[in-house]
Amino acid sequence: MALDRRDFLRLAATTGLAVAGPLTLVKQAHAAPYEGTFYVTVHAGGGWDPTSLCDPKGAMSAEEDNPMNASYLHDEILTAGNINYAPVGGNQAFFDKYYQELLVLNGIDTSTNGHDSGTRNVWSGKLSEGHPSFTALVAGVKNREAPMAFMSNGGFDFTAGLVAPTRSGNTSALERIAFPNRPNPDDEGRRYHTDDTAARIAQFQADRLAAMQDGAKLQRRKHAMNTLFAARAGENEIRRLTDFLPEELDNSGNPIRRQAQLALAAYKAGLSVSCNLSTGGFDTHGNHDQNHIPRLQTILEGVDFLMEEAERQGVRDKVMVAIGSDFGRTPRYNGTNGKDHWSITSMMLMGPGIAGNRVIGTTTHEHVPVGVNPDTLGVEDGGLRITPEHIHRSLREYAGIHEHELATRHPLSQANTLPLFG
Amino acid sequence: MLRTAQTSLQTPCALLALGLVAFSAACVDQTPAEPSGPCVPTETYFEEQVWNNFMSNTCFACHNAQGAAAGSQLVLQNSNQPGYLKNNLGRVENVATLERDGTSYILLKPSGQLDHGGGTVIEQNGPEWMALQGLVDRFKEPVECEVVETGDFFQNVELLDNEQTVRKAGLALVGRLPTDEEFAQVSAGDDADVDAVLDNMMQEAAFLDRMKEIYNDLFLTNRYLGGDNATNLLDQDDYPNNRWYDDLDPEVVSQDYIDAAQQYTNNSVARAPLELVAHLIENDRPFTEILTADYMMVNSYSAQVYGIEDVTFNDPTDPGEFVEGRIPGIPHAGILTDPMWLNRFPTTATNRNRHRSRMVWQFFMATDIMKLADRPVDPTSIVEHNPTMFNPQCNVCHANIDPIAGTFQNWDGEGRYRPPEEGWYAEMRRPGMSEEDILPSGDYTSSLQWLGRQIADNELFALATVYTAYTALTGQEPLSPPSLELPDAEFDARDAAFKAQDKDFQAIAKTFIDDGHNFKSIVRALVKSKWFRAESATREQLKLADVGTARFLTPEMLDRKIEAVTGQRWVRGYDQRSYLRSENEYLIFYGGIDSDDVTQRITEPNGLMASIAVRMANEMSCRVVPREFTKAAADRKLFPAVEMTYEPADANGFEIAGAVQAIKENIVHLHWHILGERLTVDDPEVERTYQLFLQTWQEGVEKRANDEVSRDLDYGCRATTDEYGDDLPEEQQVWRDDRYTVRAWMAVMSYLLSDWRFLHE
């Protein structure tokens, strides 16, 4: 698009950027390739069971009636560095490989047993509606013009209008999307319109859109016009994505892996700031161990694949990952060997600047949180419970966006500050 | 609106006089509180003087289903429940009728003159007490006001005219533009003419397809299309013929027939819930039958699956012929008992149909149950036995969810009819609509039929249906009451918008009920409503923040619009696969759903979506423009006013006035036909589009002279065949573009087909 920065600013100044984002955020029509930290969340949809993962609670004996977990004994709990974990599924391989980077947060109180509200709270830091996910917020602040700034494969992807989410479909269609003026994307010699004509069309469209926005008095319409304009600003950059897509995409059946491939290619191409990876199947009200532990393995394998792919792409040291779920699952088993909804959960994080080999927060054997001292983060009777709001305050500070206008528009309580990331 | 305790009781009249509330009223009678002011309806008085002023905080804090006063006679609803004001007013009135020594309990209790668990929370004769006194007086001497609109919410809003309205409705409902006759009918006509055109549209098959699309966004039962996804969900003990086609003998019928029978069968089973929606709408049946129908929709393929024999078909081979059928022994209750619907919203032994109940509340009673629990819960502190019954943190939702969950008692997690041998769970609330409205014992084996009837009789069903139709038509959710925590100016603006919309939607819901629950009456009313027709405003106002539709078209809607406008579909050449509807092409990238993993649409464009739109515009301009010029001018949709020979200037660069005039007239036509913009030749936008044409033509002429571009069109854009693929006579073919006019028009078409107005409605 042949707009210069002045044009874009002029356009932005007349339009719904007051809704979609403040004028001061607008950088340039052609979004500069994003090279900062890549923020990735991995969502275990349905409510995972931390006691089968990073907050282990084994059976006290083989004979215990309805134990916390039937798949392993308390004495069999394993340790990697300072991190205890359940000796099931693929946990050992994962924790042995990543413990030095992992920050485990246990005993997080989501204050809800509802899937939607839990997912919202865990990934936005607020139980109430209307607040963006962290990934949407960070993309909105750091580079909302990037054409794939915020990629979502599920989880919680409410954006509050800060940035347009991108879904991934069949990646074989991406080349055609990346080169919309070529009848055949592989044939550089053919064009629907000459390059001059294509640029002229784009320019005339932008001029017309600006004129329409000038005249629009209904905020909803103005906002929609602005959103299309912002989307078009990065349109030409999409072709960079094709340079970084693997020749063959993963076919293992683990959805996280393919999502990770596209996400990293988009990041590597400078098009993406953040991404939600997601897979479901964790809502195991029946036959919990049999159904749940393989799902945990899917998550851990997916995260491992993400980090390996990041290594291959040369961006391993730029990737921050936060792994979480709607909430936790009830202590012990119900009548069908399942586990129901429990508001206490855990999260795991790793990435540049996050001190690993640490566990913050503790729960009782019945998976009830024990309070922490807000200064030392040590266990303290009557101490405070860690909530998603605490974590999101830390995440915002970690990303350096906590004082940004878009972040303060969706405030988190100042009282909920904990030095979680060091 | 009044929200603070400091506000004088006299101010509502003052505000009304200043026009700061949406509606005033002409007095028939006067309340003692405002002896000289305008008449204030009791519900308005309650909202402004009592609820907003203090009751929503001071009283609601305890007097709610999870509060300390949950067991009292005054349990108030929060604002997430439709009709909460009316309901709360009724509950307050009930308590207010109780008196001691001539003074109402509603005054005595909070002022500490009678035992009150919360102590003294308002002062006797203080402003809150006076507000309640005024309310009590109104209960004793009802105030009736003749409501007169004094401040039109849409006062500064410009609306679509009749032609623009039916154009927008045509694209939204049937994916086509109105015919010339339809435009003519409404251009000089009134609302009745608009209704007549809409009625015609609603007779079309495309309308029913759109309705199915709308309801699939809720039910997501299209997940089971394809393969054996639907038939595999049916228990073979219950339905031993669920794969009846396996018994077909390949020696007798072809394998193609067997394969087709398999696909038709599966998809017929999968489509039954949506076919019921279409059946009710098409035949003007009460839409309540979606919950009460004592039948399901079957065709000749699915009838065999379900063992339904007493049905006849005009053409048993036609998979599109659905009729009403009844499975022997099954107490049908519309979609509630459809195996696909039940499987799409499954349950478990511990969930006990609560998820199904939640969906019923959401789809058919306009209530998101989860929003009722707007306060954090702490299950780790729960010590009660059976907390969903006895813990107030739980029963705020469960009191609503569990009774309806119980009415699903006869249907198991796989959607099979399995009445529980030992009855429903004794430790749960009794099955019913609510704790007070329980399932009669005689209806236990047909509990969902009973539930369907109860909901059909409930006003919330009508409102929920209006909500669904509004969202489908506009892409927007209905407005919610604003949070009392908002800043005053924003609260007032949003409150005014909510009330204006709620009033209109309640009226539409009443029309729907009065019209025998005919779904089409909602469509007619919504299309003519200002919520659908708002186009622009004379000035910006905060209260108008949610007014005006600006929906980014779904892939399906854009697909239809492309064909409606250009006469051609955007499909892959060799197999006619729709680019916008195929999961293997752009459906998911463009924000669509697959009804399985991806169930939420993206409603705002991102970079990929913008690029897909550009590709569509380029491909379609390449296909459409040359083909248009193979036809006589009178037969063209897009270029009736020009020929390929019409150049804007001669070889010496002098303007050819006649040609320029024709080109501009054609541009006027394109702006109306493609974008729905009615412009005149001298409009700046026509000039802008003309400049695009002119500059592209000039570029082409210059590059042709320098041999930088070909004389001929790209081979993919040449029009050498007709729409059926037959070769055109050579003189009709368009593949040379010596004058560069075809490519200049292609640029114009690309410009318009990727315009904001084309991609939005």
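Letters A, B, ... are given to chains in the order of the sequence lines, protein chains preceding strands, and every chain is numbered from 1. Fair warning: this is a prediction, and the values are worked out from it, not measured in the lab.
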Select one option (side chain, backbone, both, neither) describing which atoms of Gln695(B) are under 4.5 Å from chain A's heavy atoms. both
Donor-acceptor side-chain pairing of Asp326(A) and His43(A) below 3.5 angstrom: yes
Taking side chain as everything from C-beta outward and backbone as N, CA, C, O, which of these in Arg551(B) sits under 4.5 Å from a heavy atom of chain A? Side chain, backbone, both or neither. neither
Just checking, any donor-acceptor pair under 3.5 angstrom between side chains of His355(B) and Asn353(B)? no
Chain A heavy atoms under 4.5 Å from Tyr579(B): which part of the residue, side chain, backbone, both or neither? side chain
Suppose we screen for ring pair (Phe, Tyr, Trp, His ring centres under 6.0 Å). Which residues come up paired with Trp697(B), at least two apart in sequence or across chains? none
Proximal component of Asn618(B), with respect to chain A [non-hydrogen, under 4.5 Å]: both
Closest contact, heavy atoms only, Ser117(A) versus Thr112(A): OG-OG1, 2.7 Å
Pairwise side-chain contact, Leu692(B) with Ile201(A), heavy-atom cut-off 4.5 Å (strictly under): yes
What residue, out of Lys703(B), Gln476(B), Arg358(B), has the most heavy-atom pairs lying under 4.5 Å from chain A? Gln476(B)
Residue Glu158(B) versus chain A: region with a heavy atom under 4.5 Å: neither
Engaged part of Arg688(B) at the chain A interface, taking heavy atoms whose separation is under 4.5 Å: both
Using heavy-atom distances under 4.5 Å, tell me whether Leu759(B) contacts chain A through its side chain, its backbone, both, or neither. side chain
Under 4.0 Å between a side-chain nitrogen and a carboxylate oxygen: does that hold for Glu604(B) and Arg144(A)? no
With chain B, the option among Met148(A), Arg221(A), Arg191(A), Glu366(A) that has the most non-hydrogen atom pairs under 4.5 Å is Arg221(A)
Please flag which part of Ile177(A) lies under 4.5 Å from any non-hydrogen atom of chain B: side chain, backbone, both or neither. both
Select, from Gly114(A), Pro165(A), Ala173(A), Pro183(A), the one with the greatest count of heavy-atom pairs under 4.5 Å involving chain B. Pro165(A)
Name the region of Glu708(B), side chain, backbone, both or neither, that has any atom closer than 4.5 Å to a heavy atom of chain A. neither
Any heavy-atom pair between the side chains of Phe552(B) and Trp756(B) that's under 4.5 Å? no
Pick from Met609(B), Gln541(B), Gln600(B) with the largest number of heavy-atom pairs that fall under 4.5 Å of chain A: Gln600(B)
Most heavy-atom pairs under 4.5 angstrom with chain A, which of Glu619(B), Glu583(B), Gln691(B)? Glu619(B)
Taking every non-hydrogen pair under 4.5 Å, which of Thr336(A), Asn334(A), Asp157(A), Asp283(A) racks up the most with chain B? Asn334(A)
Establish, yes or no, whether the cationic atom of Arg704(B) lies under 6.0 Å from the six-membered ring centre of Tyr740(B) and within 45° of the ring axis. no
Axial cation check for Phe179(A) ring with Arg182(A), 6.0 Å and 45° limits: yes
Under 4.5 Å to a heavy atom of chain B? For Asp340(A) that would be side chain
I'd like to check Pro255(A) versus Asn153(A) (side-chain heavy atoms, cut-off strictly below 4.5 Å). Are they in contact? no
Against chain B, label Met225(A) side chain, backbone, both or neither, depending on which of its atoms sit under 4.5 Å from a heavy atom there. both
Phe327(A) and Trp342(A): ring-ring contact (aromatic ring centres under 6.0 Å, His included), yes or no, with the steps? CA-CA 6 Å; Phe327(A) 38 65; Trp342(A) 185 241; over 10 Å; no
Under 4.5 Å from any heavy atom of chain B - which part of His193(A): side chain
Using the six-membered ring of Tyr192(A), assess whether NZ or CZ of Arg743(B) lies under 6.0 Å from its centre and within 45 degrees of the ring axis. no
Portion of Glu677(B) that has a non-hydrogen atom of chain A nearer than 4.5 angstrom: side chain
Side chain, backbone, both or neither: which part of Val748(B) has a heavy atom under 4.5 Å from chain A? neither
For Ser536(B), which atoms come within 4.5 Å of any heavy atom of chain A: side chain, backbone, both, or neither? backbone
No-hydrogen, no-angle side-chain donor-acceptor test under 3.5 Å, Tyr715(B) and Arg190(A): yes
Determine whether Arg354(B) and Thr347(B) satisfy the following criterion, side chain to side chain contact (heavy atoms under 4.5 Å, CB included), listing intermediate values before the conclusion. CA-CA 7 Å; Arg354(B) 288 166 175 135; Thr347(B) 192; over 6 Å; no
Assert top hit (heavy-atom pairs under 4.5 Å, partner chain B, pool His285(A), Met212(A), Arg208(A)) equals Arg208(A)
Heavy-atom contact with chain A under 4.5 Å, split by part of Ser754(B): both
